[in-house]
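Here is how names work: the chains are called A, B, and so on, in the same order as the sequence lines, proteins then strands, and each is numbered from 1. Please read all numbers here as calculations on a predicted model, not as lab measurements.
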Amino acid sequence: MSHPLTASLNPQQRAAVELPAEHALILAGAGSGKTRVLTTRIAWLLSTGQISPAGLLAVTFTNKAAKEMLARITAMMPLNPRGLWVGTFHGLCNRMLRLHHRDAGLPAGFAILDSQDQLAAIKRAMKTLNADDERYPPRSIAQYINGNKEAGIRAAQAQAWDEYSRTQRMIYAEYESQCRREGVVDFAELLLACYELLERNEPLRTHYRSRFKHILVDEFQDTNQLQYAWLKLLTGPDSALFAVGDDDQSIYAFRGARVGNMLDFQKDYEVKHVIRLEQNYRSHGNILNAANAVIEHNRDRLGKQLWTDDDAGEPIRLYEAATDSEEAGFLVDEISAQQRDGIALDEIAILYRSNAQSRIIEHALVAAGLPYRVYGGLRFYERQEIKHALAYLRLIANQDDDNALLRVINFPTRGIGNRTIETLTDTARISGSSLWQAACSAGSGRSAAAVGRFVLMIENMHVQAQGMALPDLINMVLSVSGLYEFYQNEKEGEERLANLNELVSAATRFVTEDENNLVAFLANASLEGGEHAAEAGEAAVQLMTIHAAKGLEFHSVFLTGLEEGLFPHDNSLSDPKGLEEERRLMYVAMTRARRRLFISLSQSRMLHGQMRYAPASRFLNEVPDTLLKYLNRGYAPNSFGSSSTSSTSDWYAPPTTPRHLETPDHGLAIGMKVRHPKFGLGVVLNHEGGSNGNIQVDFGQLGTKWLAVAYAKLEAVKG
DNA sequence: GACGCTTTGTTTTTT
DNA sequence: ACAAAGCGTC
């Protein structure tokens, strides 16, 4: 007899949901109902009375996933979501550290540094030490610090063998004490501080270990070393750790994710229950077979083979363009055709390997009047004007936050220049105090008067803020600081003003949903980046990197830029593990498509201001030819795969305009013989853009070249 | 202290 | 190509 919650699940899914309270690893392939299993398990545990809501801890990687999980659980049963320990690693650690800030040795209102803030803080620490920022680029120092923290290593324990590593360690130590002095923590610190709190404080650890009877982890393949260690610390002798993941979708190794945690977990806990979810409910057979064929080229796998009951569906369509703009043109034509077929635009996604590729696609979409939305890029809380506003708010909450003070002490400008700031920094350094304290005791003089006015302004804000509602407080800060005025007078300031008003709205929402608490609002801003501020609105084509597409699905997916050097990316090839990660990325990209998958590539591409020519991606060779339909022949013969025998059925008509077949205004048509002053005789293979555009010529022994028609001085040759 | 010019570095990114 | 950040001048 099956429980009503699990009645509609397949046998593997049901088995996973109804597992006894023991450690389990669920290997859940793409589109196999992973989130459903996780949330149903939670609902099942609660509804069968096996645990109370307080005994549950569920952790995910992103805020979006956490929200989705909460929404699904509360849809299945009435619960107060606030009492639940469901959230991201960072969110839960933040919560625990705030509850026990005294034990953790942190001030009650500790601020959270985002990556930008962290970099600025590192630069300051390096200045204090007079460290050479050319030999020690702040970015690499950030990597060093975060890498160490993720391995649980403090500056005092860091190994150093030579002068270089000793300096790195020294900077790390300085940064550590600077953060402690200012009462701020970075992202990695949230996890490490929480880990250390539990490790050091035995009563607290025992409390949580016996409290959380069931710990469930989503996207386990994305956890790093420290996150796994944190989970181990929280899992008591009577607790069950339920981990869901897919090693084939591990695409974040480059930032510390450790797929090896899945194997370690099996070993460390002698996991008896390993369940594979291999039935895919998302994609048509051809898409799935193609994705399987690609991922099989990876050696480092736990092993899993997705299958579907669905029919084969359409073949995967392949388009090879001569230029990136032609590729964009293909996307526009094809998407327009699908729109005419009645496919909703937000069910169509254009995916790319790197953000730089979006620009030219956006151009084409704008020109065609197709609405689109780009994901990624600059987030709401990362915008300059928002960071400025938040810095004032942080100063109200904690005057010792030097990062915040430096950001706004002279913005808008109020006569406090670098010289004055250096004096303040020196004073602070000598007395071991914060910049704020140094500013309060600034002597006399013209610049000191300006500093005095700044101190007075912040103190005023601080006094006024007491008992004020958050949105009013923010409005007050924006006026008193002069930020409103500054952006009103700025020529292109309208959007920034709108964003500042959006910040007030965000605070209004926050107050109704959560609480009227400045510190909580600031923590939320650091942790959430402000994705929710992204406007919904009309249906639009979805543009994003493949990384951003993980976890999503679309009716039609356009996978672009399948060229060597771009995808797989050059920088990943030096390391054999890098190529496998790129291949997993390819796997993730393909499995986003439910019904239609298009793959495109271009022979040439504008990159860093230079035209780059690249052969087709090796991944294309890994897709069985039988699953492919070539929309056009590659211009360069055998540029990839074995030459295809594409089907001649006419169920599909390529919608592209035959622009490369028309005789252009310069009179050099494809197939014509031409003479170049330097390269000699050649044959025109392709061209784009007419007289002001480019032309591709095969010069035989000298190779095939793209030339600017206007400068190449090509001469047509008879015969 | 503010402004404009040169230099530089551009995979992926959540928290 | 392009943006941000650093540098030198007024």
Side-chain angles (χ1 to χ4, degrees), chain A residues 59-66 87-94 112-120 123 133-134 137-139 143 146 149-150 185-192 194 219 222-224 226-227 250-257 324 351-360 363 375-379 381-382 384 409-422 446-447 450 523-531 544-551 561 565-575 578 581-582 584-586 588-589 605-612:
Chain A
V59 59
T60 65
F61 225 76
T62 65
N63 290 300
K64 205 171 144 204
T88 63
F89 281 100
H90 293 85
L92 295 176
C93 285
N94 176 48
I112 301 169
L113 302 183
D114 67 19
S115 318
Q116 280 180 46
D117 301 331
Q118 185 191 33
L119 201 63
K123 284 180 186 164
D133 60 0
E134 296 221 331
R139 284 185 169 281
Q143 279 195 333
N146 293 334
K149 286 192 178 183
E150 278 164 18
V185 300
D186 57 45
F187 286 134
E189 183 68 27
L190 277 177
L191 293 164
L192 183 53
C194 188
E219 306 275 18
D222 285 339
T223 53
N224 64 34
L226 182 54
Q227 286 159 340
S250 159
I251 54 176
Y252 286 113
F254 72 93
R255 64 165 197 223
D324 44 5
L351 307 183
Y352 33 79
R353 176 67 179 83
S354 65
N355 282 307
Q357 289 166 252
S358 80
R359 182 184 305 270
I360 192 154
H363 271 297
Y375 289 82
L378 200 56
R379 303 251 266 308
Y381 287 114
E382 285 171 358
Q384 178 209 132
I409 191 167
N410 199 36
F411 192 95
T413 52
R414 47 176 72 92
I416 304 174
N418 287 335
R419 199 58 185 278
T420 313
I421 291 171
E422 263 171 42
R446 206 156 45 95
S447 56
N524 179 268
S526 294
L527 291 173
E528 292 221 5
E531 259 337 87
M544 63 191 88
T545 62
I546 302 167
H547 284 90
K550 195 170 88 159
L566 193 60
F567 191 22
H569 196 278
D570 272 333
N571 296 4
S572 67
L573 298 178
S574 50
D575 164 23
E581 177 144 318
E582 293 285 307
R584 291 194 293 270
L585 204 49
M586 178 74 180
V588 168
R605 190 176 291 279
M606 211 43 148
L607 209 65
H608 310 325
Q610 275 201 316
M611 196 60 99
R612 297 233 325 202

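Using a 4.0 Å heavy-atom distance criterion, A:Asp570 is classed as making no nucleic acid contact. Here A:Phe89 lies out of heavy-atom contact (under 4.0 Å) with every strand. Using a 4.0 Å heavy-atom distance criterion, A:Asn355 is classed as a sugar-phosphate-only contact. Among the heavy atoms of the strands lying under 4.0 Å from A:Phe61 are primed sugar atoms or P, OP1, OP2 only; no base atom is included. Using a 4.0 Å heavy-atom cutoff across all strands shown, A:Thr420 reaches sugar-phosphate atoms only and no base atom. Residue A:Leu190 is classed as having no contact, given no heavy-atom separation below 4.0 Å to the nucleic acid.
You'll find that the side chain of A:Arg255 is closest to B:dT13, out of C:dG6, B:dT11, B:dT13. Comparing B:dT12, B:dT15, C:dA1 by their closest approach to the side chain of A:Thr88 singles out B:dT15. The nucleotide whose nearest atom lies closest to any side-chain atom of A:Phe254 is, among B:dT12, B:dT15, B:dT11, B:dT12.
The shortest distance between the side-chain N/O atoms of A:Asn63 and the OP1/OP2 oxygens of B:dT15 is below 4.0 Å. For the pair A:Asn410 and B:dA2, the criterion of a side-chain N or O lying under 4.0 Å from OP1 or OP2 is met. When the side-chain nitrogen and oxygen atoms of A:Thr413 are compared with OP1 and OP2 of B:dC3, none of them lie within a distance under 4.0 Å.
Rounded to whole Å, atom C1' of B:dT10 lies 16 Å from atom CE of A:Met606. Distance A:Ile251 CD1 to B:dT14 P: 10 Å, rounded to the nearest Å. When the C1' atom of B:dT13 is taken as reference, atom NZ of A:Lys550 falls 11 Å away, rounded to whole Å. For A:Leu113 and B:dT15, the CG to P distance is 16 Å, given to the nearest whole Å. Between the C1' atom of B:dT12 and the CG atom of A:Leu351 lies a distance of 13 Å, rounded to the nearest Å.
Contact annotation: the side chain of A:Asp222 approaches that of A:Lys550 to within less than 4.5 Å [non-hydrogen atoms, C-beta and beyond].
In this structure, A:His547 has its ring center closer than 6.0 angstrom to the ring center of A:Phe254.
On a pure distance criterion of 3.5 Å, a polar donor-acceptor pair joins the side chain of A:Ser115 and the base of B:dT15.
Other residues, nucleotides and ligands contribute at most 12 non-hydrogen atoms within 6.0 Å of the CZ atom of A:Arg612.
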